[in-house]
Q: 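Starting off with a structure, shown below.
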Amino acid sequence: MFDASGQIARSAGGTMMPLRVLQLGLCVEGNTLLKGIDLTLSSGGCTVIMGPNGAGKSLFLRALHGLIEPTCGSIDWNGLPAAEATRHQSLIFQKPVLLRRSVLANVEFVLKARGLDRSDALAVLEHVGLAHKARQPARLLSGGEQQRLALARALATRPNVLLMDEPTASLDPAATRAIETVVAGACANGLRVILVSHDIGQARRMADDVVFLNAGSIAEHQSSKDFFDQPKSAAARDFLAGRIPA
């Protein structure tokens, strides 16, 4: 389960990068929600997807995970379409959906479902700081602890890609820091992370590169340093300055 550096090992199938998205579009009931998205991501690192409300960030993330079928275009994960690549991925939502079982049973369930050794469950909980609550009902955990449990379940499956949709949006600074620490360690160990976040501070801390969405399209894609130092698009400059669009 754990490698020599103390991080959870990834699946034996190797990394699922690079990602290549070509002319991705999504229309629902005549409304264009995503349009003309082209994106290439190389292996490794943490990509943060940012943008104003309604920009299409969560929709794009769900499309990458195969939960939404795009109207047009393609998603290629190292030769696999999104629907086939999901077995190498884990997705964490803003509000975790937990089983009405113990903390330990929540992790054991996903390990059993993936055909992995359930005896690793307690070690994964230790990794995220929840081993002491293993026998407690998951519903009694605090919000930050519930999200750490969701993270434990995601990492337990040994994904090559971790997709996260604003996982700390409703958490306090201490709980946010706990999540970021685990994710940063996994990312440094080779896990590919794609994170949707509204939090500019979090993006500065976590991102190797930033994809900025606006009105369903990519307004820019730059390294983290370049994005925060010299954003190219007016929409990104307004977003970073806290200006509300007219």
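Reckoned from all heavy atoms, side chains included, excluding hydrogens, waters and symmetry mates.
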Q: Given the rule that I, L, V, M, F, W and Y join up when any side-chain heavy atoms are under 4.5 Å apart, are L91 and F109 in one cluster?
A: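 Per the 4.5 Å side-chain linkage, L91 and F109 are not co-clustered.
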Q: Let me confirm one number: the NZ-CG distance from K112 to L116, rounded to the nearest 0.5 Å.
A: 13.0 Å
Q: Does atom CZ (F228) have a neighbourhood of more than 12 heavy atoms from anything else shown, all under 6.0 Å?
A: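 Enclosed.
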Q: Is there a donor-acceptor contact under 3.5 Å from the side chain of E145 to the main chain of S142?
A: yes
Q: Does E220 reach the main-chain N or O of S233 with its side chain, forming a donor-acceptor pair under 3.5 Å?
A: yes
Q: Run the side-chain contact (heavy atoms from CB on, under 4.5 Å) check on D120 and R158 step by step: do they pass?
A: CA-CA 11 Å; D120 289 330; R158 306 183 189 185; 3.5 Å; yes
Q: Do the side chains of V211 and M50 get nearer than 4.5 Å, heavy atoms only?
A: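 Of all side-chain heavy-atom pairs linking V211 with M50, none is under 4.5 Å.
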Q: Identify the residue among D209, V48, L240 that makes a side-chain contact (heavy atoms from CB on, under 4.5 Å) with F227.
A: L240
Q: L99, L125: one ILVMFWY side-chain cluster at the under-4.5 Å cut-off?
A: no
Q: Tell me the closest heavy-atom pair linking S224 and A203, and the distance in Å.
A: OG-O, 4.2 Å
Q: Given L41 and H221, is the side-chain contact (heavy atoms from CB on, under 4.5 Å) satisfied, shown in steps?
A: CA-CA 10 Å; L41 298 178; H221 177 208; 3.6 Å; yes
Q: Should W77 and L67 be counted in the same cluster of Ile, Leu, Val, Met, Phe, Trp and Tyr side chains packed under 4.5 Å apart?
A: yes
Q: Determine whether the side chains of D165 and S58 contain a donor N or O and an acceptor N or O closer than 3.5 Å.
A: yes
Q: Does one hydrophobic cluster hold both V183 and I200, with members joined at side-chain heavy-atom distances below 4.5 Å?
A: yes
Q: How long is the span from the OG1 atom in T181 to the CZ atom in R148, to the nearest 0.5 Å?
A: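 Spacing of OG1 (T181) from CZ (R148) equals 10.5 Å.
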Q: Pair L39, F60 - check side-chain contact (heavy atoms from CB on, under 4.5 Å), show working.
A: CA-CA 11 Å; L39 179 66; F60 183 41; 3.9 Å; yes
Q: Going only through I, L, V, M, F, W and Y residues with side-chain contacts under 4.5 Å, is there a path from L213 to L19?
A: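 Shared cluster, yes.
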Q: Please find the pair of heavy atoms, one from A215 and one from K35, that lie closest to each other, and give the distance.
A: O-CE, 3.4 Å
Q: Could you tell me whether the side chain of V193 reaches within less than 4.5 Å of the side chain of C187, counting heavy atoms only?
A: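 C187 vs V193: side chains touch.
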Q: Regarding D199 and R204, does a basic nitrogen lie under 4.0 Å from an acidic carboxylate oxygen?
A: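 Salt bridge: no.
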Q: Is D172 salt-bridged to R177, going by a charged N under 4.0 Å from an acidic O?
A: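 Looking at D172 and R177, the cut-off is not met.
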Q: Please confirm whether the backbone N or O of P167 pairs with a side-chain atom of Q147, one donor and one acceptor, at under 3.5 Å?
A: yes
Q: If I take atom CD from residue E69 and atom CD1 from residue I75, how far apart are they, to the nearest 0.5 angstrom?
A: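 Nearest 0.5 Å value for the CD-CD1 distance: 8.5 Å.
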Q: Can you see which heavy atom on G144 is nearest to which on A175, and at what distance?
A: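 Scanning both residues completely, I find the closest heavy atoms to be CA-CB, 3.9 Å.
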Q: Regarding N78 and H88, is there a side-chain donor-to-acceptor distance under 3.5 Å anywhere?
A: no
Q: Looking just at side-chain N and O atoms, do S74 and D76 make a donor-acceptor pair shorter than 3.5 Å?
A: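 The answer is no; no qualifying pair exists.
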Q: Show your reasoning for whether side-chain contact (heavy atoms from CB on, under 4.5 Å) applies to N160 and L191.
A: CA-CA 6 Å; N160 291 310; L191 178 66; 5.5 Å; no
Q: Can you confirm whether more than 12 heavy atoms, excluding those of R237, are under 6.0 Å from its CZ atom?
A: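 Check passes, neighbour count above 12.
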Q: How long is the gap from CG on L171 to CD on Q146, to the nearest 0.5 Å?
A: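 If we round to the nearest 0.5 Å, L171:CG and Q146:CD are 10.0 Å apart.
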Q: I'd like to check K232 versus Q222 (side-chain heavy atoms, cut-off strictly below 4.5 Å). Are they in contact?
A: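 Yes, at least one pair of side-chain atoms sits under 4.5 Å.
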Q: Considering all heavy atoms of both residues, which atom of V28 and which atom of L33 are nearest to each other, and what is their separation?
A: CG2-CD1, 3.7 Å
Q: Output every pair passing side-chain hydrogen bond (donor to acceptor under 3.5 Å, both in side chains) with a member in residues 19-32, not counting sequence neighbours, ordered by first then second residue.
A: Q23-D38
Q: Using a 4.5 Å cut-off on heavy atoms from C-beta on, say whether the side chain of L163 contacts that of I92.
A: no
Q: Which pair of non-hydrogen atoms, one from D208 and one from G45, has the smallest distance, and what is that distance?
A: OD2-CA, 3.1 Å
Q: Roughly how far, to the nearest 0.5 Å, is the CG atom of L26 from the OG1 atom of T71?
A: 4.5 Å
Q: May I ask you to test the V103-R135 pair for a side-chain heavy-atom distance under 4.5 Å?
A: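 Not in contact.
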Q: Measuring from L22:CG to C72:SG, what's the distance to the nearest 0.5 Å?
A: 11.0 Å
Q: Using side-chain heavy atoms (C-beta onward) and a distance below 4.5 Å, is H198 in contact with N53?
A: yes
Q: Which heavy atom in P18 sits nearest to a heavy atom in S42, and how many Å separate them?
A: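 That would be CB-CA, 4.2 Å.
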Q: Is there side-chain contact between R192 and L162, with heavy atoms separated by less than 4.5 Å?
A: no
Q: So does A154 get a backbone contact from the side chain of T157, meaning a donor-acceptor N/O pair under 3.5 Å?
A: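 Yes; at least one donor-acceptor contact below 3.5 Å.
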Q: Return yes if a side-chain donor-acceptor contact under 3.5 Å exists between Q89 and T86, otherwise no.
A: no
Q: Can you confirm whether I194 sits close enough to L61 that some side-chain heavy atom of one is under 4.5 Å from a side-chain heavy atom of the other?
A: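 Side chain of I194 against side chain of L61, heavy atoms only: contact under 4.5 Å found.
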Q: Would you say the side chains of T168 and E180 form a donor-acceptor pair under 3.5 Å?
A: no
Q: Around R118, counting heavy atoms of other residues, nucleotides and ligands shown, do more than 12 lie under 6.0 Å from its CZ?
A: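 No, CZ of R118 has 12 or fewer neighbouring heavy atoms, counting only those of other groups under 6.0 Å.
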